[in-house]
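Read through the structure below, which is laid out as structure tokens, and then see the notes.
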Amino acid sequence: MHVKTFKQGIHPAYNKELTSGKELKLAQNPAQVVIPMRQHMGAPCDPLVQKGDTVKVGQKIGDSQSFVSAPIHASVSGVVKDVREVEIGAGGKSLAVIIESDGQNTLHEDVRPKGDLSSLSAEDIRMIIREAGIVGMGGATFPTQVKLSIPEGKTVDTMILNGAECEPYLTVDHRVMLEQAEEVVYGLKALMKAIGVTKGYIGIEDNKTNAIKVLTEACTGEAGIEVVPLHTKYPQGGEKMLITAITGREVPSGGLPADAGCVVNNVTTAVAVTKAIREGMPLIERPVTITGHGIKNPQNLIVKIGTSVSELIEQAGGFNGTPGKVILGGPMMGPSAHNIDVPVQKGTSGVLVLTVNDAQDFEPQPCIRCARCVDVCPVFLMPITLANQSQHKMYAEMENYNVLDCIECGSCSYICPAKRPLVHYIRLGKAEVLAQRRKKK
Ligand code: SF4
Ligand code: SF4
């Protein structure tokens, strides 16, 4: 099998065998869901319901006038118990609609098929995706309809589906590709039509040979669509890395995938698009890998948005001894959760429970100038220089050293023999550079 890849990157322990053979199962129906109004990049939504209202599955309960946003829908039917601020993710806060389920899962009248793909225009598809509240489900949560609105002056000819799932431990995209291959291909065709391109690729790492086989079969006879096996290497699923590996094109510094003629979406996002068109079902649930050696029975569950992370841990058998750390997502990019009573959101691809041993933090040592962080950076930055600049608040210098190209993949921190928290400092500095840019505007 001929595999493609990008330059640099790392090979962490993948630990995917804990769940890669476990089929997707429906999680138990939650008695209550807590649905945050801020669970995507861009403007948060304003609640459209209030305490005491009755809601049905798929009913829009939050929306925003802002272009960069995505509406939010009820994932259960029942009664709105409260609308208030709650803790989400890694310590952030958001206004949330709290719904007590009536156990009936009654569908809202708006949930109905949107017509055959051949009869829908590009604009129809983009509007269906917008109204369904679909965002990037690989974790980035960028509103999909915004990605599909190609900026004026840019020419795009290629849609790429990301099936790399390069984050260690996570296996939901793998299971989706195996179990919902036809839906993945249908979603890809819809996404291609939405931006008017005739070339589509599905990039899959070669540690998922069964998914490569199943999707290659599902694409047989589909004009312009190709499955591309990729070398298993982190961060192969980064947009820039995928584009380079698959098309040989480079996204310029400070540029967007559209500058290389491409739009990238995740395979699970493609399935959400299929459901929105075929069933009229908005994004109200998502697959989540609950895994790690700190959990008794790791598994892949389809979970209603708003379900508590603590309920998922219980459904996976509970903690295996004293947990060392709980991470929402994968170990490379996922934030640590200090509280497990937080809701699953549209971008929650995994709940990783590390043991005390796995989570051991090492005391950072002085830099030994080995340059290994430079050697692995997939966007060719100088992580040690950026981290030092950040510590010394040299934000103008950081901008000159292209800090905004950093994809926060964590490869530099991972490889550092002195265990320096490089990505932590770079992330802080990057946020400050962005804040100063906004101020200037
Ligand atoms: S500098 Fe940024 S992009 Fe480069 S390895 Fe570190 S986290 Fe990844
Ligand atoms: S990898 Fe660590 S020790 Fe080596 S140059 Fe980078 S920061 Fe310094």
Side-chain angles (χ1 to χ4, degrees), residues 5-14 41 90 136 138-140 142 162 164-170 205 230-245 250-257 259-260 264 327-336 360-435 437:
T5 194
F6 63 100
K7 287 190 184 135
Q8 315 212 135
I10 56 170
H11 294 278
Y14 285 95
M41 299 271 278
F142 198 73
N162 178 8
E165 202 169 45
C166 60
E167 264 276 0
Y169 287 96
L170 303 185
E205 282 190 342
L230 302 166
H231 184 42
T232 301
K233 186 167 67 166
Y234 182 84
Q236 183 65 82
E239 285 187 338
K240 292 180 179 181
M241 288 83 242
L242 264 183
I243 291 169
T244 302
E250 295 280 348
V251 178
S253 173
L256 295 168
D259 294 307
V264 181
I327 296 174
L328 300 178
M332 298 302 296
M333 293 187 78
S336 298
Q360 212 175 347
D361 280 331
F362 296 94
E363 196 59 34
Q365 301 297 315
C367 170
I368 57 168
R369 298 184 177 277
C370 65
R372 289 174 75 182
C373 54
V374 180
D375 292 344
V376 299
C377 178
V379 285
F380 311 108
L381 300 177
M382 294 171 68
I384 177 60
T385 308
L386 289 169
N388 286 340
Q389 289 167 339
S390 174
Q391 279 182 281
H392 293 97
K393 302 190 184 337
M394 296 161 66
Y395 303 121
E397 287 83 353
M398 286 188 89
E399 196 164 3
N400 291 338
Y401 274 76
N402 297 327
V403 69
L404 296 183
D405 284 345
C406 171
I407 58 169
E408 301 180 21
C409 67
S411 299
C412 49
S413 302
Y414 175 87
I415 209 73
C416 176
K419 297 293 164 211
R420 302 205 60 75
L422 300 168
V423 67
H424 168 73
Y425 288 121
I426 296 171
R427 197 179 282 137
L428 290 179
K430 194 176 156 190
E432 190 56 41
V433 169
L434 281 170
R437 264 198 185 184

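Start at 1 and go down the list; that is how both ligands and their atoms are numbered.
S413 contributes a side-chain N or O that, together with a main-chain N or O of V423, makes up a donor-acceptor pair within less than 3.5 Å.
The contact set between ligand 1 and I407, taken as ligand atoms under 4.0 Å from a residue heavy atom, comprises 3 (S). Of all atoms in ligand 1, numbered sequentially from 1 with element shown, those under 4.0 Å from a heavy atom of V379 are 3 (S). Taking every non-hydrogen atom of V423 and a distance limit under 4.0 Å, the qualifying atoms of ligand 1 come out as 7 (S). Here is the list of ligand 1 atoms found below 4.0 Å of a heavy atom in G410: 7 (S), 8 (Fe). When each atom of ligand 2 is checked for a heavy atom of P417 under 4.0 Å away, the hits are 1 (S). In the vicinity of P383, heavy-atom distances shorter than 4.0 Å reach the ligand 1 atoms 1 (S).
Atom 8 (Fe) of ligand 2 has an N, O or S atom of C367 under 2.8 Å away, backbone or side chain. Residue contacts to atom 2 (Fe) of ligand 2: C373 brings no N, O or S atom closer than 2.8 Å.
Of the candidates C412, P235, C406, the one placing a heavy atom closest to atom 6 (Fe) of ligand 1 is C412.
Scanning the protein heavy atoms around atom 7 (S) of ligand 2, the nearest turns out to be I384 CD1, 3.6 Å. For atom 2 (Fe) of ligand 2, the nearest protein heavy atom (residue, atom name, distance) is C416 SG, 2.4 Å. The shortest contact between atom 4 (Fe) of ligand 2 and any protein heavy atom is with C370 SG, 2.3 Å. Looking only at heavy atoms of the protein, atom 5 (S) of ligand 2 is closest to A371 N, 3.2 Å.
Note: R420 CZ to C412 SG = 12.0 Å, rounded to the nearest 0.5 Å.
Contact of the H392 side chain with the E397 side chain is not registered, since no non-hydrogen atoms from C-beta on lie closer than 4.5 Å. Taking the side chain as every heavy atom from C-beta outward, T385 and V374 never approach each other to under 4.5 Å.
Taking 4.0 Å as the cut-off, I368 counts as a neighbour of ligand 2 on heavy-atom distance.
By the criterion of a heavy-atom distance under 4.0 Å, the side chain of I426, and not its backbone, is placed next to ligand 1.
Under a cutoff of 6.0 Å and an axis angle of 45°, K233 and F6 form a cation-pi pair.
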